[in-house]
There are 2 protein chains.
Amino acid sequence: MKKAGACDLKTCFLCQFSIPEWIAAVGDHKQHLSYKKNETIFQEGSPVKGIYFLYDGKVKVHKQWGAEKELIVRFAQKGDILGHRGLGSGERLYTVSATALEDTTVCYTDLAFFEASLKVNPKLTLKLMQFYADELQEAERKMRNLVHMDVKSRLADALLDISRLHNDVQFTISRQDLASFAGTTYETIYRNLQEFIQEKLIAVDGKSITILQEKKLKKYITL
Amino acid sequence: MKKAGACDLKTCFLCQFSIPEWIAAVGDHKQHLSYKKNETIFQEGSPVKGIYFLYDGKVKVHKQWGAEKELIVRFAQKGDILGHRGLGSGERLYTVSATALEDTTVCYTDLAFFEASLKVNPKLTLKLMQFYADELQEAERKMRNLVHMDVKSRLADALLDISRLHNDVQFTISRQDLASFAGTTYETIYRNLQEFIQEKLIAVDGKSITILQEKKLKKYITL
DNA sequence: GATTTAATATGATTTAGATCATATTTTTGT
DNA sequence: ACAAAAATATGATCTAAATCATATTAAATC
């Protein structure tokens with residue numbers, strides 16, 4: 001991690017929903033950090049010192065299980081807030097880790113300043129609350145999927161989800177990350193990807209996946 | 001569902017975090033409703049008209065899957081807010097159902113009034129945001145458990161969770177609800193309960209479950 | 001208080017998906 | 001450019017837990 005150049009003070013969650021008068025203060029307090037591919041931005045279990053906003057790059061937000069296993073709860077991208085789970089009422093420890101999937105630039109704000117921002121900008125608090133509501137809905141939908149859908153359907157859901165996120169039918173992701181996101185193992189993902197390829201619903205070239213028939217993929221998730 | 005007597009304007013989430021000057025308005029706008037055991041308070045997929053606060057009784061918050069299957073995401077009790085997932089930025093549809101587990105009284109507020117309350121009471125918005133953060137953390141922890149822990153451990157976690165909620169080592173719950181909460185089937189819960197009984201970690205009498213050895217149960221969840 | 005309906009109990013069978021094992025290819029660090 | 005480490009590929013095996021089947025008991029409902 002090293003310090004990086006200034007962001008545009010327009011892109012991130014904090015700047016977008018702060019009143020114009022506050023933006024200058026944001027500029028003063030923000031730090032700009034950059035992380036290389038695979039670098040850890042923050043670690044599950046360590047104390048929350050501040051909040052991050054993703055300025056450029058891709059980040060996975062994940063929970064560890066022992067040394068080997070993990071669950072990816074979210075992929076974050078430009079503008080997204082990171083570390084906000086630490087704002088709960090419990091101990092101030094990160095409950096997830098964030099790891100750069102490619103070279104990444106983030107803006108960072110310490111907790112005190114972010115909490116001051118919430119006080120000064122009711123709209124920010126409201127938007128953040130809404131954002132939480134959305135994430136909670138999504139987390140609960142995923143929980144239900146884990147319990148009631150089979151792996152193939154969860155993989156279809158994961159692929160569509162990632163495609164939506166990238167706003168592109170083509171994207172790049174490792175099989176292992178796909179497995180951790182769909183809540184299963186590498187081998188099972190490998191096999192189910194093969195099936196989707198056979199069925200011509202997707203095409204794969206190395207780590208690049210292209211969704212060919214979105215409609216048919218969608219059918220898997222409501223069955 | 002029928003109208004019930006007035007609440008004390010102190011217990012619920014809304015009253016607790018509103019400024020004193022607002023409480024009168026709350027009293028004017030609140031409706032008090034009561035539901036019989038097994039009655040639906042609101043249904044997944046139907047439009048969000050308002051927010052509920054549980055005044056008395058027990059409620060399960062659950063997601064349906066087809067006609068037969070469900071997942072219980074939360075048990076709510078006195079003071080708890082219900083329906084708040086509807087505050088997200090998407091369509092205003094309930095993403096979960098709420099069903100009374102026993103005779104229950106709730107306070108109800110339409111969405112417009114609740115949103116006005118958020119505007120008037122920054123503290124309420126902040127507390128609600130914190131509440132979301134906590135729920136999100138818990139939902140993600142549960143997701144990880146579903147993916148990485150076996151049923152016996154998830155059952156241990158569920159029992160401890162419910163005990164914590166009731167603030168009592170003894171509580172009452174149907175096997176089916178326990179299964180839907182732990183993300184498994186009735187039969188599997190039945191068998192694992194038997195094992196816990198054999199191991200003398202719990203005692204069961206009809207629908208009443210008593211946790212005998214909390215420590216040993218806890219060991220299951222960090223293994 | 002009888003009848004329907006729902007919840008509990010428990011064994012037998014099946015299966016999806018995890019785990020193991022190992023070869024090959026691709027990346028990455030030096 | 002080369003060695004070491006990751007990621008991918010793919011078959012074989014194993015197992016936890018779902019599903020099925022069928023009593024029995026308890027709880028609602030008329």
Side-chain angles (χ1 to χ4, degrees), chain A residues 35-39 60 65-72 99-103 144-158 172-198 202-209 220 223, chain B residues 36-39 60 65-72 99-103 144-156 158 172-198 202-209 220 223:
Chain A
Y35 296 84
K36 278 180 290 151
K37 188 174 175 175
N38 293 324
E39 212 177 338
K60 68 173 171 181
W65 183 248
E68 295 289 291
K69 295 180 179 180
E70 63 165 4
L71 173 75
I72 295 175
T99 304
L101 289 174
E102 50 187 60
D103 292 358
R144 189 209 49 196
N145 291 356
L146 282 168
V147 171
H148 294 304
M149 299 199 329
D150 62 18
V151 169
K152 198 167 182 182
S153 304
R154 297 207 308 269
L155 173 57
D157 188 54
T172 290
I173 188 173
S174 82
R175 308 280 189 278
Q176 182 54 65
D177 280 346
L178 207 43
S180 298
F181 189 52
T184 181
T185 58
Y186 166 80
E187 292 93 327
T188 301
I189 284 296
Y190 165 76
R191 286 179 242 274
N192 284 94
L193 276 180
Q194 293 305 316
E195 292 191 39
F196 279 146
I197 294 167
Q198 238 87 78
I202 62 169
V204 166
D205 176 23
K207 286 192 204 335
S208 163
I209 296 176
Y220 272 95
L223 191 84
Chain B
K36 280 179 289 151
K37 187 174 175 178
N38 294 322
E39 212 178 337
K60 68 174 171 182
W65 184 248
E68 293 290 293
K69 294 179 177 178
E70 64 165 2
L71 172 74
I72 296 174
T99 304
L101 290 173
E102 50 188 60
D103 292 358
R144 190 209 50 198
N145 292 356
L146 282 168
V147 170
H148 294 304
M149 299 196 330
D150 62 17
V151 168
K152 199 169 180 181
S153 305
R154 298 209 307 271
L155 173 57
T172 291
I173 187 173
S174 81
R175 308 281 189 278
Q176 182 53 65
D177 280 346
L178 207 43
S180 298
F181 189 52
T184 181
T185 58
Y186 166 81
E187 292 94 325
T188 301
I189 283 297
Y190 165 77
R191 286 179 243 274
N192 284 92
L193 276 181
Q194 293 303 316
E195 292 191 39
F196 280 145
I197 293 166
Q198 237 87 78
I202 63 169
V204 166
D205 176 24
K207 286 192 204 335
S208 163
I209 297 177
Y220 274 95
L223 192 86

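The sequence lines fix the lettering, A, B, ..., with proteins before strands; numbering per chain opens at 1.
In this structure, B/Tyr186 OH and B/Arg191 CZ are separated by 9.5 Å, a value rounded to the nearest 0.5 Å. Atom CD1 of residue B/Ile197 and atom CD1 of residue B/Ile209 lie 8.0 Å apart, to the nearest 0.5 angstrom. Distance check: B/Leu101 CG to B/Thr172 OG1 gives 11.0 Å after rounding to the nearest 0.5 Å. Note that CD1 of A/Ile72 is 6.0 Å distant from CD1 of A/Ile173, once rounded to the nearest 0.5 Å.
The distance between atom CG of B/Leu146 and atom P of D/dA17, rounded to the nearest whole Å, is 12 Å. Whole-Å rounding puts the B/Met149 CE to D/dA16 P distance at 16 Å. Rounded to whole Å, the distance from NZ on A/Lys152 to P on C/dT15 is 17 Å. D/dT10 atom C1' lies 13 Å from atom CZ of A/Arg175, rounded to whole Å. Following rounding to the nearest Å, B/Asp150 (CG) and C/dA16 (C1') show an atom-to-atom distance of 17 Å. Note: CG (B/Asp205) to P (C/dA7) measures 19 Å, nearest angstrom. Distance CD (B/Glu68) to C1' (D/dT19): 13 Å, rounded to an integer number of Å. Atom OH of A/Tyr190 and atom P of D/dA12 are 13 Å apart (whole Å).
Between A/Gln194 and B/Val151, the residue anchored nearer the 5' end of DNA chain D, judged by the nucleotide with its closest heavy atom, is A/Gln194. Sequence order on DNA chain D of the closest nucleotides to B/Asn192 and A/Gly206 puts A/Gly206 first from the 5' end.
For the contact set between residues 177-189 of chain B and DNA chain D, defined by any heavy atom under 4.0 Å, the members are B/Thr184, B/Thr185, B/Glu187, B/Thr188.
Of all heavy-atom pairs spanning A/Arg175 and A/Lys207, the tightest one is NH1-CA, 4.3 Å. Of all heavy-atom pairs between A/Leu146 and A/Arg154, the closest is CD2-NE, 3.5 Å.
A parallel orientation is assigned to the rings of A/His148 and B/Trp65, their planes being inclined by less than 30° (bins at 30° and 60°).
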Starting at the 5' end of nucleotides 25-30 of chain C, put B wherever the base has a protein heavy atom under 4.0 Å, S where only the sugar-phosphate does, and a dash everywhere else.
-> ---S--
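B/Ser153 and B/Asp150 are linked by a side-chain donor-acceptor pair at a separation below 3.5 angstrom, with hydrogens and angles left out of the test.
Side-chain contact between A/Lys152 and A/Leu155: absent, with no pair of heavy atoms (C-beta onward) separated by less than 4.5 Å.
Candidate nucleotides C/dG11, D/dT8, D/dA9 were compared by shortest atom distance to the side chain of B/Arg191, and C/dG11 ranks first.
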